Amino acid sequence: MSVVHQLSAGWLLDHLSFINKINYQLHQHHEPCCSKNEFTTSVHFESLQMDSVSSSGACAAFIASDPTTKPENDDGGNYEMLTQKFVFRPELFDVTKPYITPAVHKECQQSNEKDDLMNGVKKEISISIIGKKRKRCVVFNQGELDAMEYHTKIRELILDGSLQLIQEGLKSGFLYPLFEKQDKCSKPITLPLDTCNLPELCEMAKHLPSLNEMEHQTLQLVEEDTSVTEQDLFLRVVENNSSFTKVITLMGQKYLLPPKSSFLLSDISCMQPLLNYRKTFDVIVIDPPWQNKSVKRSNRYSYLSPLQIKQIPIPKLAAPNCLLVTWVTNRQKHLRFIKEELYPSWSVEVVAEWHWVKITNSGEFVFPLDSPHKKPYEGLILGRVQEKTALPLRNADVNVLPIPDHKLIVSVPCTLHSHKPPLAEVLKDYIKPDGEYLELFARNLQPGWTSWGNEVLKFQHVDYFIALESGS
């Protein structure tokens with residue numbers, strides 16, 4: 001369970017626990033060596049073959065051959081089945097202190113240098129310069145004024161609800177006070193580098209020959225070990241229907257696919273395979289790449305305009321009474337766009353506004369609550385699809401609770417950019433069980449969910465995981 005505590009204010013989540021309770025177990029065939037204590041790893045992949053079940057426009061599927069006999073090696077002997085378990089790197093959730101901005105970090109370094117200086121004149125000059133800089137008159141634009149007004153309205157909600165959940169976390173030991181403060185200028189965590197540029201891979205796919213007769217096909221990874229090429233993934237939804245993890249290699253980089261998960265790797269111009277998937281979804285979570293000043297200044301992340309976001313075919317993907325959840329930044333421009341333009345264009349009625357509050361392992365806000373620049377919370381706008389005609393609901397006899405407003409999701413954030421906490425468990429009381437769930441602009445996979453995006457495998461990179469000792 002990712003929910004550590006649940007109160008009327010909301011939930012305290014353990015994101016790391018949620019990831020590690022996914023069955024990240026990889027089954028591999030290994031050939032025993034002469035020595036009982038030594039093994040030579042030899043992973044054997046079966047070739048993909050076409051399943052000829054397509055008729056009347058039904059989806060065809062690529063499935064791996066399923067031999068009835070146990071695999072044999074070249075000498076006629078059997079291979080041993082070895083299970084490899086993976087866990088997410090815990091240091092990526094090691095947030096022991098509030099974030100510090102580059103300006104504060106620079107001031108920290110200057111302070112340390114001053115402590116080592118014996119020259120009082122230099123110290124006095126430095127203070128004088130800082131004092132002059134602080135006299136600058138600050139003029140807020142309309143967007144900043146709107147943000148401050150919004151913050152004033154929700155401040156007490158964020159503060160009171162978060163403190164209640166944090167206190168429960170401290171009592172249970174999930175959160176822990178830091179008795180010995182660490183060095184304020186400690187070195188940052190070294191993150192693994194994903195050298196495979198997934199967005200560039202999606203762009204490259206657009207220039208490949210069109211596979212019209214194959215666009216309706218789904219790639220099913222059903223054999224114990226399956227190897228697929230980059231071209232196999234294009235224009236197809238990929239499914240891992242097994243109970244174990246699969247590994248795929250893209251441009252030399254390995255990615256872990258959790259059990260019972262599916263994904264489409266593409267950008268917004270190539271969503272047709274998702275529409276051809278012949279599924280509608282009871283829950284759709286969207287994390288759009290919102291445009292902002294920092295993104296516009298950087299070449300690292302792409303963003304979509306409001307017009308492009310409105311073109312996402314939600315009406316074709318949503319089942320009757322679908323619950324739509326959209327992550328949003330604290331810019332009032334984006335909040336108003338969702339409520340006044342985006343949701344109405346999709347025939348979605350706003351039913352609630354929740355907040356994700358980010359804290360450290362000791363229960364502090366990652367940014368000061370009243371910081372004029374960065375806030376320790378983000379928003380989620382929840383809505384229901386309003387059907388124009390009376391269509392039969394999936395599992396109509398199952399009652400779900402009405403969605404409450406102003407709930408908080410409190411958690412320690414992952415240090416990886418935009419790795420959002422899981423919503424499956426906090427939404428379970430408000431959605432029908434055994435439904436179909438979709439995440440758009442996803443950067444990771446979840447069991448029971450279909451995920452789409454041009455970085456959909458980003459956080460499935462094997463370097464973000466630790467391989468535990470193997471066992472047969």
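Please read these numbers as outputs of a predicted model, since none were measured by experiment.
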Tell me, do [X] and [Y] make a side-chain contact under 4.5 Å, heavy atoms counted?
{"X": "Pro344", "Y": "Lys339", "result": "no"}
{"X": "Leu468", "Y": "Val87", "result": "yes"}
{"X": "Ser242", "Y": "Lys246", "result": "yes"}
{"X": "Val385", "Y": "Pro320", "result": "no"}
{"X": "Pro288", "Y": "Thr326", "result": "yes"}
{"X": "Leu324", "Y": "Leu382", "result": "no"}
{"X": "Val410", "Y": "Leu13", "result": "no"}
{"X": "Phe365", "Y": "Ile359", "result": "yes"}

All salt bridge (Lys or Arg N to Asp or Glu O under 4.0 Å) counterparts of Lys260, not counting sequence neighbours: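 None.
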[X] versus [Y], closest heavy-atom pair with distance:
{"X": "Ile309", "Y": "Trp346", "answer": "O-CZ2, 3.3 Å"}
{"X": "His151", "Y": "Leu369", "answer": "CE1-O, 3.0 Å"}
{"X": "Leu198", "Y": "Tyr255", "answer": "CD2-OH, 3.8 Å"}
{"X": "Ala319", "Y": "Thr280", "answer": "CB-OG1, 3.6 Å"}
{"X": "Ile312", "Y": "Pro315", "answer": "O-CD, 4.3 Å"}
{"X": "Ile381", "Y": "Glu353", "answer": "CD1-CG, 3.6 Å"}

Salt bridge check, Asp370 against Arg155: does any charged N sit closer than 4.0 Å to a carboxylate O? yes
With a 4.0 Å cut-off, would you call Arg336 and Asp146 a salt bridge? yes
Can a donor-acceptor pair be found, under 3.5 Å and without considering hydrogens, that links the side chain of [X] to the backbone of [Y]?
{"X": "Thr152", "Y": "Met148", "answer": "yes"}
{"X": "His5", "Y": "Glu168", "answer": "yes"}
{"X": "Arg384", "Y": "Asn321", "answer": "yes"}
{"X": "Gln164", "Y": "Leu7", "answer": "no"}
{"X": "Ser371", "Y": "His373", "answer": "yes"}
{"X": "Thr415", "Y": "Leu92", "answer": "yes"}
{"X": "Ser172", "Y": "Gly169", "answer": "yes"}
{"X": "Thr245", "Y": "Asn23", "answer": "yes"}
{"X": "Asn330", "Y": "Tyr377", "answer": "yes"}
{"X": "Asn20", "Y": "Phe88", "answer": "yes"}

[X] side, atom [atom1]; [Y] side, atom [atom2] - distance, nearest 0.5 Å:
{"X": "Ile248", "Y": "Gln253", "atom1": "CD1", "atom2": "CD", "answer": "12.0 Å"}
{"X": "Asp14", "Y": "Ser2", "atom1": "CG", "atom2": "OG", "answer": "7.5 Å"}
{"X": "Ser451", "Y": "Leu257", "atom1": "OG", "atom2": "CG", "answer": "10.5 Å"}
{"X": "Glu378", "Y": "His355", "atom1": "CD", "atom2": "NE2", "answer": "10.5 Å"}
{"X": "Leu342", "Y": "Ile286", "atom1": "CG", "atom2": "CD1", "answer": "6.5 Å"}
{"X": "Leu159", "Y": "Leu408", "atom1": "CG", "atom2": "CG", "answer": "10.5 Å"}

Start with the C-alpha distance between Tyr303 and Gln308, add both sets of side-chain angles, then the distance that settles side-chain hydrogen bond (donor to acceptor under 3.5 Å, both in side chains), and finish with yes or no. CA-CA 10 Å; Tyr303 61 85; Gln308 289 174 306; over 6 Å; no
Quick check, are the ring centers of [X] and [Y] under 6.0 angstrom apart?
{"X": "Trp327", "Y": "Trp354", "result": "no"}
{"X": "His419", "Y": "His15", "result": "yes"}
{"X": "Phe281", "Y": "Tyr437", "result": "no"}

Between the side chains of Trp449 and Ser261, is a donor N or O closer than 3.5 angstrom to an acceptor N or O?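 No, Ser261 and Trp449 have no side-chain donor paired with an acceptor closer than 3.5 Å.
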Could you verify whether a donor N or O on one side chain and an acceptor N or O on the other, from Glu436 and Tyr277, lie under 3.5 Å apart?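 No, because no side-chain N or O of Glu436 sits under 3.5 Å from a partner of the opposite role on Tyr277.
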With sequence neighbours excluded, residues passing ring pair (Phe, Tyr, Trp, His ring centres under 6.0 Å) with Tyr150: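 Applying ring pair (Phe, Tyr, Trp, His ring centres under 6.0 Å) to Tyr150 gives none.
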Establish, for the pair Lys407 and Trp11, whether the NZ or CZ atom is under 6.0 angstrom from the six-membered ring centre and no further than 45 degrees off its axis. yes
Worked verdict on Cys322 versus Val283 for side-chain contact (heavy atoms from CB on, under 4.5 Å): CA-CA 6 Å; Cys322 169; Val283 178; 5.8 Å; no
Before you tell me yes or no, could you show the steps for Ile19 and Phe459 under side-chain contact (heavy atoms from CB on, under 4.5 Å), namely the whole-Å CA-CA distance, both residues' side-chain angles and the distance that decides it to 0.1 Å? CA-CA 11 Å; Ile19 298 174; Phe459 299 139; over 6 Å; no
Would Leu438 and Leu317 count as a side-chain contact (heavy atoms from CB on, under 4.5 Å) here? Give the steps. CA-CA 9 Å; Leu438 171 67; Leu317 295 170; 4.0 Å; yes
Ignoring hydrogens and angles, write down the donor-acceptor pairs under 3.5 Å from the side chains of residues 439-448, residues two or more places apart or on other chains.
unit_1	atom_1	unit_2	atom_2	d
Arg443	NH1	Asp287	OD2	3.3
Arg443	NH1	Ser418	OG	3.1

Evaluate the criterion side-chain contact (heavy atoms from CB on, under 4.5 Å) for residue pair Phe18 and Leu16; output intermediate values, then yes/no. CA-CA 5 Å; Phe18 175 86; Leu16 178 61; over 6 Å; no
Would you sort out whether Glu425 and Lys428 count as a salt bridge (Lys or Arg N to Asp or Glu O under 4.0 Å), showing the intermediate values? CA-CA 5 Å; Glu425 291 186 23; Lys428 64 181 178 62; over 6 Å; no
